[in-house]
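For ligands, and for the atoms within them, numbers begin at 1 and follow the listed sequence.
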Amino acid sequence: MKKLTVNVNDKYDILIEKGLLEKAGILTKTVLFGKKITLISDTNVYALYGDVVKEKLEEQGYAVFTYIFEAGESSKTTATVIDMVAFMAENQLTREDGVVALGGGVCGDMAGFAAAIYLRGIKFVQIPTTLLSQVDSSVGGKTAVDLPQGKNLCGAFHQPALVIIDPDVLDSLNAHFFSDGMGEVIKYGCIKSAELFERLANENPKDFIEDLIYQCVDIKRRVVENDEKEHGERALLNFGHTCAHSIEKLWNFETVSHGEAVGIGMVMISRAGEDAGITEKGTTQRIINVLKKNNMKIADTHSNAQIVDAMSADKKRTGSGIKLVMLKKIGESFINPVSMQETAKLFGVD
Ligand SMILES: NC(=O)c1ccc[n+]([C@@H]2O[C@H](COP(=O)([O-])OP(=O)(O)OC[C@H]3O[C@@H](n4cnc5c(N)ncnc54)[C@H](O)[C@@H]3O)[C@@H](O)[C@H]2O)c1
Ligand SMILES: [Zn+2]
């Protein structure tokens with residue numbers, strides 16, 4: 001079993017091993033000391049893995065109360081979280097009891113938020129089941145729901161007590177959601193690990209999935225440890241994301257998924273960096289090759305002008321400049337704080 005410890009205020013372990021779902025009960029027992037657990041999952045994931053996890057938790061003597069919500073981002077609302085919290089109150093969970101989140105990022109974000117606000121905070125365990133949630137959302141302690149005004153606007157920092165990652169569950173994940181996670185995986189290589197990037201260029205990610213997850217989580221862990229509440233270095237994780245957010249918005253958060261948009265965003269910013277003499281020549285082509293190898297998009301049909309326009313609309317709202325994450329070369333990134341005007345220039349928009 002691979003193990004990483006995240007050394008933030010409430011430190012916690014991340015365990016990675018094929019077949020680990022079978023040990024979900026025993027492992028949970030090492031961090032949740034109450035009698036009751038609210039097991040939160042979505043309709044798809046519960047149908048696949050709910051019974052196993054429930055059984056393993058019950059074997060350890062827990063009374064398990066199951067909360068299942070309709071799969072999909074449209075469930076990620078305050079209404080669902082309030083319903084979860086009410087469900088915990090009805091079942092009289094105490095401060096010693098806990099939450100287990102079994103699912104993708106939507107499930108983890110909501111269950112984590114519910115655990116953060118119920119009785120002003122109870123413990124929760126993450127069992128992420130998508131590639132994106134295994135390498136990204138389950139680590140770092142960010143929890144949130146969407147508001148009609150925008151995504152992830154209502155949330156809290158609440159670190160999990162434990163993260164249990166079983167790469168075997170990815171076998172049932174469809175190709176689309178798998179490549180969505182690959183957007184983040186490739187990002188980690190770009191910002192911090194030339195070695196990981198090289199492996200992605202030469203190997204099939206599924207052939208070294210356990211190690212791949214370990215390396216991605218290790219990168220996120222290091223960045224989060226240095227910057228738990230997102231004041232500085234954590235911004236590096238936003239490589240490719242400034243353009244991606246605009247692209248997602250231009251498509252109304254439909255059609256182009258987050259991971260795909262991140263892929264396109266990485267190509268855009270890398271190309272801008274090469275044009276400005278900041279990024280090593282040939283970097284963009286290398287990113288394009290890895291994206292193509294994973295059947296991902298490398299460009300969007302919107303023009304740079306439209307994408308930069310969407311960015312500036314965002315910036316007008318928040319009233320700040322842009323912290324563009326750029327590459328010196330593969331594996332070496334830095335934060336470049338720029339004005340909107342400079343950003344437009346970088347992307348060749350006047
Ligand atoms: N908290 C953070 O730091 C953070 C970071 C990145 C993304 N996020 C959030 O994560 C969310 C996206 O996460 P996601 O892509 O995991 O979405 P998701 O949770 O909706 O999962 C995607 C789909 O895959 C299904 N699924 C999950 N695991 C499966 C499995 N093993 N087999 C078969 N089907 C499975 C789900 O039912 C769902 O239909 C967004 O809401 C985003 O805002 C949060
Ligand atoms: Zn992302």
Side-chain angles (χ1 to χ4, degrees), residues 6 20-21 40-50 52-53 68-77 80-81 101-113 116 124 126-147 150-160 163 165-188 190-191 209 216-217 220-221 223-224 228-230 234-245 247-248 253 256-266 325:
V6 185
L20 209 55
L21 225 51
I40 299 180
S41 192
D42 75 22
T43 41
N44 296 336
V45 178
Y46 196 82
L48 291 162
Y49 307 108
V52 182
V53 173
I68 303 169
F69 64 89
E70 193 60 46
E73 182 77 24
S74 59
S75 288
K76 212 176 111 174
T77 61
T80 313
V81 165
L102 173 70
V106 167
C107 176
D109 276 16
M110 278 203 290
F113 187 39
F124 86 114
Q126 289 261 29
I127 309 182
T129 61
T130 60
L131 182 59
L132 182 122
S133 57
Q134 295 188 343
V135 299
D136 187 358
S137 63
S138 65
V139 182
K142 278 201 211 172
T143 74
V145 293
D146 303 332
L147 296 181
K151 267 178 63 83
N152 295 322
L153 290 183
C154 177
F157 278 100
H158 189 51
Q159 305 292 347
V163 183
I165 300 180
D166 180 350
D168 276 348
V169 301
L170 300 178
D171 291 348
S172 56
L173 195 65
N174 72 33
H176 173 79
F177 284 118
F178 190 83
S179 48
D180 211 15
M182 282 307 295
E184 306 293 346
V185 169
I186 298 165
K187 173 195 79 179
Y188 287 120
C190 286
I191 60 168
I209 194 74
C216 292
V217 172
K220 180 150 187 186
R221 172 191 71 81
V223 173
V224 167
E228 191 181 347
K229 292 277 160 77
E230 200 164 42
R234 197 157 167 167
L236 290 179
L237 299 170
N238 289 336
F239 177 60
H241 280 60
T242 309
C243 293
H245 289 147
I247 293 166
E248 287 182 89
F253 296 95
V256 178
S257 72
H258 177 70
E260 283 174 334
V262 170
I264 300 166
M266 292 191 291
V325 183

Under 4.0 Å from any heavy atom of [X], which atoms of ligand 1 are there?
X	answer
Lys76	9 (C), 40 (C), 41 (O), 42 (C), 43 (O)
Asn44	36 (C), 37 (O), 39 (O)
Asp42	36 (C), 37 (O)
Leu48	32 (N), 33 (C)

Using heavy atoms and a threshold below 4.0 Å, how should the contact between [X] and ligand 1 be classified: side chain, backbone, both, or neither?
X	result
Glu184	neither
Asp109	side chain
Leu173	both
Asp146	neither
Glu73	side chain
Thr129	both

*Would you name the heavy atoms of Gly103 and Ser133 that are closest together and state the gap between them?*
O-OG, 3.8 Å

Could you tell me whether some N/O pair between [X] and ligand 1 is separated by less than 3.5 angstrom?
X	answer
Ser133	no
Asn152	yes
Val169	yes
Tyr49	no
Gly105	yes
Lys142	yes
Asp136	no
Val106	yes

To the nearest 0.5 Å, what is the distance between [atom1] ([X]) and [atom2] ([Y])?
X	Y	atom1	atom2	value
Phe239	Lys187	CZ	NZ	10.0 Å
Ile209	Asp171	CD1	CG	9.0 Å
Gln126	Leu102	CD	CG	10.5 Å
Glu184	Leu237	CD	CG	8.5 Å
Ser74	Phe69	OG	CZ	10.0 Å

*For atom 4 (C) of ligand 1, state which one of Ala47, Ser138, Ser137, Gly104 supplies the nearest heavy atom.*
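Answer by nearest heavy atom: Ser137.
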
*Of the choices Ala71, Gly181, Ser172, which has the non-hydrogen atom that lies closest to atom 32 (N) of ligand 1?*
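Among Ala71, Gly181, Ser172, the closest heavy atom to atom 32 (N) of ligand 1 comes from Ser172.
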
I need the nearest protein heavy-atom contact for [atom]: residue, atom name and distance, please.
atom	result
atom 12 (C) of ligand 1	Leu132 CD2, 3.8 Å
atom 21 (O) of ligand 1	Thr130 CG2, 3.6 Å
atom 22 (C) of ligand 1	Phe177 CE2, 3.5 Å
atom 26 (N) of ligand 1	Val45 CG2, 3.7 Å

*asked:* Apply side-chain hydrogen bond (donor to acceptor under 3.5 Å, both in side chains) to residues His245 and His258 and explain how you reach the verdict.
replied: CA-CA 8 Å; His245 289 147; His258 177 70; 4.9 Å; no

_Could you tell me if the side chain of Asp136 sits less than 4.5 Å from the side chain of Lys220, heavy atoms only?_
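Side-chain contact under 4.5 Å: yes.
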
*Under the ring-ring contact (aromatic ring centres under 6.0 Å, His included) rule, what do His158 and Phe113 come out as? Steps first, then yes or no, please.*
CA-CA 7 Å; His158 189 51; Phe113 187 39; 9.6 Å; no

*Using the side chain to side chain contact (heavy atoms under 4.5 Å, CB included) rule, take Leu131 and Asp180 through it: C-alpha gap first, then chi angles, then the decisive distance, then the call.*
CA-CA 8 Å; Leu131 182 59; Asp180 211 15; over 6 Å; no

*Apex the Zn ion (ligand 2); atoms Glu184 OE2 and His258 NE2; angle rounded to 10 degrees*: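 Glu184 OE2 and His258 NE2 form an angle of 90° at the Zn ion (ligand 2).
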
*Quick one: do the Lys76 and Asn152 side chains pair a donor with an acceptor below 3.5 Å?*
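Judged by distance alone, the side chains do pair up.
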
_Between Tyr49 and Ser41, is there a side-chain donor-acceptor contact under 3.5 Å, judged purely by atom types and distance?_
no

_Candidate list Thr77, Asp109, Val81, test side chain to side chain contact (heavy atoms under 4.5 Å, CB included), partner Val145, passing option_ =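 Exactly one candidate clears the test, Val81.
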
_I'd like to know whether Lys151 forms a salt bridge (Lys or Arg N to Asp or Glu O under 4.0 Å) with Glu73, so could you lay out the CA-CA distance, the side-chain angles of the two residues, the decisive distance to 0.1 Å, and finally the verdict._
CA-CA 10 Å; Lys151 267 178 63 83; Glu73 182 77 24; 3.0 Å; yes

*Output yes when a side-chain donor or acceptor of Asn44 lies under 3.5 Å from a complementary backbone atom of Ala71, and no otherwise.*
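Checking the backbone N and O of Ala71 against the side chain of Asn44, no donor-acceptor pair under 3.5 Å is found.
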
